[in-house]
Enquirer: 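Can you keep this structure in mind? I'll have questions shortly.
When reading the values below, keep in mind they use all heavy atoms of this one structure, side chains included, and skip hydrogens, waters and symmetry mates. Just so it is clear: chains get the letters A, B, ... in the order the sequence lines come, proteins before strands, and each one is counted from 1.
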2 protein chains.
Amino acid sequence: MDKTAENGPWADESGDTSGRKKGQLHAEAAGKLRSMILSGELPPGERLREMQLCEQLGVSRTPVREALRTLAAEGLVDLLPNRSVVVSELHAPDLEHLFVVFGAIEGIAAELACQKITEAEIGEIGRLLAEMIDFHARKERAPYMQINQKIHQRTVEIAANPVLYTVWQSLVPRVERARALANLDTGRWTGALFEHTKMFTALASRDGKLLAQLTREHFLNSLPFLQSRLENDG
Amino acid sequence: MDKTAENGPWADESGDTSGRKKGQLHAEAAGKLRSMILSGELPPGERLREMQLCEQLGVSRTPVREALRTLAAEGLVDLLPNRSVVVSELHAPDLEHLFVVFGAIEGIAAELACQKITEAEIGEIGRLLAEMIDFHARKERAPYMQINQKIHQRTVEIAANPVLYTVWQSLVPRVERARALANLDTGRWTGALFEHTKMFTALASRDGKLLAQLTREHFLNSLPFLQSRLENDG
DNA sequence: AACACCAGTCTTGTATACAAGAATAGACAA
DNA sequence: TTGTCTATTCTTGTATACAAGACTGGTGTT
């Protein structure tokens, strides 16, 4: 089971349709649609007509339909039988549900990671954290977010549980979308960074219980900020 | 987001292809294939030829392919690009990964359920537990397992978190398959029942932390039994 | 006997065609 | 004006056709 990230989201695709081998158009389509949803190009509630997507993506309906099944499994779209597919909504209450679960998942990952992490990996995370602090000082949000994402991903990878990784992957798109829709509040930004330093300390001392606790709180703390932004936008 | 169980596994299908409205052949196909895998009719490692499945299910390749994407998202099959789809293997180490995550998920569910459960629902779970004790006394394994499954499901439902429910649903097929492949050891059976009574006490007194702990242990305890059975079988 | 190579067959990936169920707009009645 | 009914159009669901990449078996060479 779990040939980890075989065809999962975030596997490789980043619009680099050029270098791809022939075939697997449906995976390519899924990647493009996913980033269109995450970027907001396809807003929540948007009705997706298959033929329209075919024209935009330059493929036929077959791979498009298969891609839509994949996105449905990721929770990015809702399949309405015999009706259109729509980009799933993202309401504030849903967000709470999502963050409670996601925080718990990353909490488990954190606990496992503490048991398995090597000195070299602690150093690696430490360097990433240093970079992140740097970007924060320069107020460069985009690269900050990228490093942030990488730290979380590395933690889950270090936990070395393919099932956990798959579940985590399946939730990341929605979390990322929430972050994209509601760009991080500046006040929260500094707080989040501080939490990250505390989390690193726990990780470096391999205190799994503490790190899990901090991780859950980390997500719970950012929740109200995202929720308020979502409510303002509609 | 999350039109909960819209097209997810375990939604409704149980071979009752008769009463179903037209269309949605792919959902029907997914249901049949899922139960074929869970029942062991399609054993781990089995190579699935699309045409062959078409004949068995009496539909064309299009719905079959879409069903296979769904099953891939559930982790029941692996998609090998340009090669066949195979029923995913279930090795002892994978099982540990699965149970750690699943136990944690049900642990979260248990904690949430304790916050939200009503007196009526406590009564309902209590009655289910009594039935289960009955079936254990009579050594009727199949109905016991059914009630067991139902208790777990009701707990997750009571937690009232659609994201959690979806994640839980996505893991259940694999857990069920593990149970099916390695029928429960008799010694473990009594132990599991005892754990269930303890868990009910915690639930009835709404002790979320305790119940979460007991739930995680419940899965961890049954793990070695399942693993040993799997190793014997190959 | 072992290995490499090649042709034929099989299987998947994609496109297209057709059928059936929804959405929509317009006409007609209240 | 508003509501409803119907006919047309649109969209999805499914089947089939075609192309391209894998597998298999046999043949020839070393």
Enquirer: For B:Leu25 and C:dA19, give me the distance from atom CG to atom P, rounded to whole Å.
Expert: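 These atoms are roughly 16 Å apart.
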
Enquirer: Does the salt bridge (charged side-chain N to carboxylate O under 4.0 Å, His left out) test come out yes or no for A:Glu124 and A:Arg127, once each step is laid out?
Expert: CA-CA 5 Å; A:Glu124 180 192 346; A:Arg127 281 189 297 277; 5.8 Å; no

Enquirer: Think B:Arg61 has a side-chain N or O under 4.0 angstrom from the OP1 or OP2 of D:dA15?
Expert: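 Answer no for this pair, as no side-chain N or O of B:Arg61 is under 4.0 Å from OP1 or OP2.
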
Enquirer: Would you please confirm or rule out a distance under 4.0 Å between OP1 or OP2 of D:dT14 and any side-chain N or O of B:Thr62?
Expert: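 So the side chain of B:Thr62 is outside the cut-off, no N or O lying under 4.0 Å from OP1 or OP2 of D:dT14.
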
Enquirer: Can you tell which of D:dA15, D:dT11, C:dT14 lies closest to the side chain of B:Pro63?
Expert: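 Closest nucleotide to the B:Pro63 side chain: D:dA15.
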
Enquirer: Would you name the heavy atoms of A:Leu95 and A:Leu226 that are closest together and state the gap between them?
Expert: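 Answer, listing the atom of A:Leu95 first, then A:Leu226: CD2-CB, 3.7 Å.
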
Enquirer: Identify the heavy atoms of A:Thr215 and A:Ala110 that sit nearest to each other, and give their distance.
Expert: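 Heavy atoms only, the tightest pair is OG1-CB, 3.8 Å.
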
Enquirer: Given the side-chain rings of A:His152 and A:Phe102, with only the six-membered ring counted for Trp, is the space between their centroids under 6.0 Å?
Expert: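 They do not qualify: ring centres at least 6.0 Å apart.
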
Enquirer: Can you check the B:Leu80 CG to C:dT11 P distance for me, whole Å?
Expert: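 It is 15 Å, rounded to the nearest whole Å.
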
Enquirer: Judged by each residue's nearest nucleotide on DNA chain D, which is more toward the 5′ side, A:Arg47 or B:Arg47?
Expert: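 Nearer the 5' end of the strand: A:Arg47.
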
Enquirer: Which heavy-atom pair separates B:Val64 from B:Cys54 by the least distance, and what is that distance?
Expert: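 For B:Val64 versus B:Cys54, the nearest heavy atoms are CG2-SG, 3.9 Å.
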
Enquirer: Contact class for B:Leu48 (heavy atom, under 4.0 Å): base, sugar-phosphate, or nothing?
Expert: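 Sugar-phosphate only.
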
Enquirer: Could you state the interatomic distance from CE (B:Met51) to OG (B:Ser60), rounded to the nearest 0.5 Å?
Expert: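 B:Met51 atom CE to B:Ser60 atom OG measures 9.0 Å (nearest 0.5 Å).
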
Enquirer: Tell me which of A:Ser84 and A:Glu66 sits closer to the 5' end of DNA chain C, going by the nucleotide each one is nearest to.
Expert: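 Comparing both residues, the 5'-ward one is A:Glu66.
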
Enquirer: Below 4.0 angstrom from OP1 or OP2 of D:dC10, is there any side-chain N or O of A:Arg49?
Expert: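 For D:dC10, neither OP1 nor OP2 has a side-chain N or O of A:Arg49 closer than 4.0 Å.
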
Enquirer: Starting from C1' on C:dA17, measure out to CD on A:Glu50 and report it in whole angstrom.
Expert: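 Computing the A:Glu50:CD to C:dA17:C1' distance gives 15 Å.
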
Enquirer: If you go through the side-chain atoms of B:Arg83, does one of them form a donor-acceptor pair with the base of C:dG13 closer than 3.5 Å?
Expert: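 Between C:dG13 and B:Arg83, which were checked side chain against base, a qualifying N/O pair under 3.5 Å is absent.
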
Enquirer: With A:Glu66, which residues qualify under salt bridge (Lys or Arg N to Asp or Glu O under 4.0 Å), at least two apart?
Expert: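 Only B:Arg65, B:Arg69 meet the salt bridge (Lys or Arg N to Asp or Glu O under 4.0 Å) criterion with A:Glu66.
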
Enquirer: Among residues 51-58 of chain B, which contact DNA chain D at a heavy-atom distance under 4.0 Å?
Expert: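 Contacting residues: none.
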
